[in-house]
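Remarks on the structure that follows.
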Amino acid sequence: MTETSSPADADGPRDFIRDIIRDDLASGRARGVVTRFPPEPNGYLHIGHAKSICLNFGVANEFGGRCNLRFDDTNPAKEEQEFIDAIMADVRWLGFDWGGNLFHASDYFEQLYQWAEHLIENGLAYVDELTADEIREHRGTLTEPGKASPWRDRPSGESLDQFRRMRAGEFADGAKVLRAKIDMAHGNMNMRDPVLYRIVRKPHPRTGDAWCIYPTYDYAHGQSDALEHVTHSLCTLEFEDHRPLYDWLIEHLPVPSRPRQYEFARLNLGYTVLSKRRLTQLVAEGHVAGWDDPRMPTLTGLRRRGIPPETIRDFVARLGVTKQDSVVEFSLFEHCVREYLNKAAERRMAVLRPLKVVIENWPEGEVDELDAIDNPEFPESGSHKVPFSREIYIEQDDFMEDPPKKFFRLGPGREVRLRYAYFITCTEVVKDADGTVVELRATYDPATRGGDAPDGRKVKGTLHWVSAAHAVKAEVRLYDHLFREEAPGAGGRDYLEDLNPTSLEVIEDAWLEPSLAGWPAGRTLQFERLGYFCADRDGTADMPVFNRTMTLRDTWAKVQQSG
RNA sequence: UGGGGUGUGGUGUAAUUGGUAACACGACGGACUCUGACUCCGUUAUUCUAGGUUCAAGUCCUAGCACCCCAGCCA
């Protein structure tokens, strides 16, 4: 955790959570701030989790407290070491450090067990021998009260004995559970004698086969918070009606501290899904290449896509923290990415759909080395050389044989600038038998070297290009939204029906300017006029692979669409 | 009359706690431009509804309405 200046006020973020903390500190209800980020290791972290991570770690930093990373590993049926490792890597990548404060709910299994016995001894919990179905039937409905289990009032000594035998492994999975004894007629379903322990014979990633009974989330979470002296336990809205149970347990157990739970709205993002169930399904059924598929909203996917962690933090900061259900427009995320990358990303040139142009008045075999600025946002920061020769590639989109009035690019007889190079004029259009344009002939103006005409002549268009003889061939993967609907699955549809069939387009023969050979993975750059890209780990020395992180804003595309 | 939440522009948030709706994104229009990018300048709201209190209501009161969550031995 990084040391921060003064206890948050003034410039820091403001929201209802921070207001509460400020009040708690001022009133002395809390002497410091301890939060926790409590992932269940049954999947990968996604951008929704980033909101929680930034909130929990952010708040702790701002108020000079600490934030624990705690794995909520209470269900070995679903949890795996792979996820534990990935989650830690992702939190670090996002830019947060839990220092030595790494915990697991499983660290507390023994204490939790002892406290369960305490509840039994005090007549506040009992071992129920109803089946899962019977328990459901007894629970009642939203509008009707539940019925007591026949085991509800059995002597605590009997429950204690049963519970110990559950631990000892005498019963089959699901045969019995430990339930809190609260109120079967409660309006809040969570208070109708919730299950505290169940029998699950599955090896646990951390405790192995030491246990065959495992605490439920409801039982483990608050007590873990208390053991860690968490002051503010921040979670999402769906846990709001678990709070009475959270408080009930804290009240009836000899816990060392009294944490409080506060709920905020989870993040929903347009054109994507952020539920673990769905993300897991996308991976399991092969709709994407894996958890780190660049189309996934997972942190590992975003990283592979070339999204810098700074942009995720910035994005989350702009969201605010409230209790309102909302769906954030994807464009806000795009804006954050572009704003950051515009400043941070170096520029290079690459041609995705090549159209050859032969500069007829350029001497055969001659090469010019031109200076290209690394990043025009900071012209002083450096430049690199780009070779120019007689045959170059430009983008097919940058030529039209019969251009409309608003088209600024190349056309028969038109003059344009080749970025950082020369003005060229198209003199001839070469077509194949089908009439498709296969090559252009052009002349260049030697006086325009570097891209300016000494006579003050202006051109409306500037094109990116690459020298055919020097270009490096590459595969480029163009990613688009994974879903074509802003709200996948809206209106009762299966969300899978909204999968975007063109979310990935692979270009196998793109041409890159030579300085891109060996470009390191993990350093996002801009292909001029096309967008931001990053090298993918699938690339080889012979065939680099680049992922499109994000396009540039494209007002020309809009002009075209609107006719 | 099951319980718990939430309603401010297309979107996400703000409003010194009753003082005349602010910021950002988007959209639209324009300027600039060696990236149709960036940047810059405009335009974009009768605060869910209906009553009420008040000199003054997004903020207070009353009654409605809409939407979200909950009936896992998931978290």
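Letters go in sequence order (proteins before strands), and every chain restarts at 1. Given the structure is predicted, the values throughout are model-derived calculations rather than measurements.
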May I have the distance from [X] (atom [atom1]) to [N] (atom [atom2]), rounded to whole angstrom?
X: A/Arg167; N: B/C73; atom1: CZ; atom2: C1'; value: 19 Å
X: A/Gln281; N: B/C74; atom1: CD; atom2: P; value: 20 Å
X: A/Tyr126; N: B/C73; atom1: OH; atom2: P; value: 12 Å
X: A/Tyr197; N: B/C73; atom1: OH; atom2: P; value: 16 Å
X: A/Glu238; N: B/C67; atom1: CD; atom2: C1'; value: 16 Å
X: A/Glu339; N: B/G26; atom1: CD; atom2: P; value: 10 Å

Pairwise [atom1] distance, [M] and [N] [rounded to whole Å]:
N: B/C60; M: B/A15; atom1: P; value: 13 Å
N: B/G9; M: B/A21; atom1: C1'; value: 11 Å
N: B/U20; M: B/A57; atom1: C1'; value: 10 Å
N: B/G2; M: B/U11; atom1: P; value: 31 Å
N: B/A45; M: B/G10; atom1: C1'; value: 12 Å
N: B/G58; M: B/U6; atom1: C1'; value: 15 Å
N: B/U16; M: B/A22; atom1: C1'; value: 13 Å
N: B/U1; M: B/U8; atom1: P; value: 29 Å

Counter-base of [N], judged by Watson-Crick or G-U geometry with both distances under 3.5 Å:
N: B/C40; value: B/G30
N: B/A57; value: none
N: B/A63; value: B/U49
N: B/A15; value: none

Worksheet entry | Syn/anti state for B/U49 [syn: chi within 90° of 0] | anti
Response to the item:
Regarding B/G29, purine or pyrimidine glycosidic angle vs 90° from 0 gives anti
For [X], answer base if it contacts any base atom (sugar-phosphate contacts may also be present), sugar-phosphate if it contacts only those atoms, and nothing otherwise; contact means non-hydrogen atoms under 4.0 Å.
X: A/His242; result: base
X: A/Pro145; result: nothing
X: A/Arg347; result: base
X: A/Arg553; result: sugar-phosphate
X: A/Gly187; result: base
X: A/Asp452; result: base
X: A/Leu530; result: nothing

Discussion item. Can you tell me if A/Phe408 is stacked onto the base of B/G36, using a 5.5 Å centroid cut-off and an angle below 30°?
Written reply: yes
Worksheet item: Are A/Trp556 and B/G36 stacked, counting the six-membered base ring, centres under 5.5 Å, planes under 30°?
Response: yes
Worksheet entry | Within 6.0 angstrom of A/Arg338 CZ, more than 12 heavy atoms from elsewhere | yes
Item to complete: For A/Asp209, look at atom CG and say whether over 12 heavy atoms of other residues, nucleotides or ligands are found less than 6.0 Å away.
Response: no
Worksheet item: If you check every side-chain atom of A/Glu329, which of B/C25, B/G7, B/G72 has the closest atom?
Response: B/C25
Worksheet item: Could one point to a donor on the side chain of A/Asp241 or the base of B/G3 with an acceptor on the other under 3.5 Å away?
Response: yes
Worksheet item: Closest approach of A/Glu170 and A/Arg165, non-hydrogen atoms and distance?
Response: OE1-NE, 2.7 Å
Worksheet item: Would you say the ring centroid of A/Tyr246 lies under 6.0 angstrom from that of A/Phe239?
Response: no
Discussion item. Centre-to-centre under 6.0 Å for A/Trp115 and A/Tyr219, is that the case here?
Written reply: no
Worksheet item: Think A/Arg243 has a side-chain N or O under 4.0 angstrom from the OP1 or OP2 of B/G4?
Response: no
Discussion item. Under the criterion side-chain contact (heavy atoms from CB on, under 4.5 Å), I'd like the reasoning laid out for A/Thr216 against A/Thr74: C-alpha separation, chi angles, the key distance, then a yes or no.
Written reply: CA-CA 6 Å; A/Thr216 55; A/Thr74 57; over 6 Å; no
Discussion item. When you measure from the centre of the six-membered ring of A/Tyr113, is the NZ or CZ of A/Arg167 closer than 6.0 Å and no more than 45° off the axis?
Written reply: yes
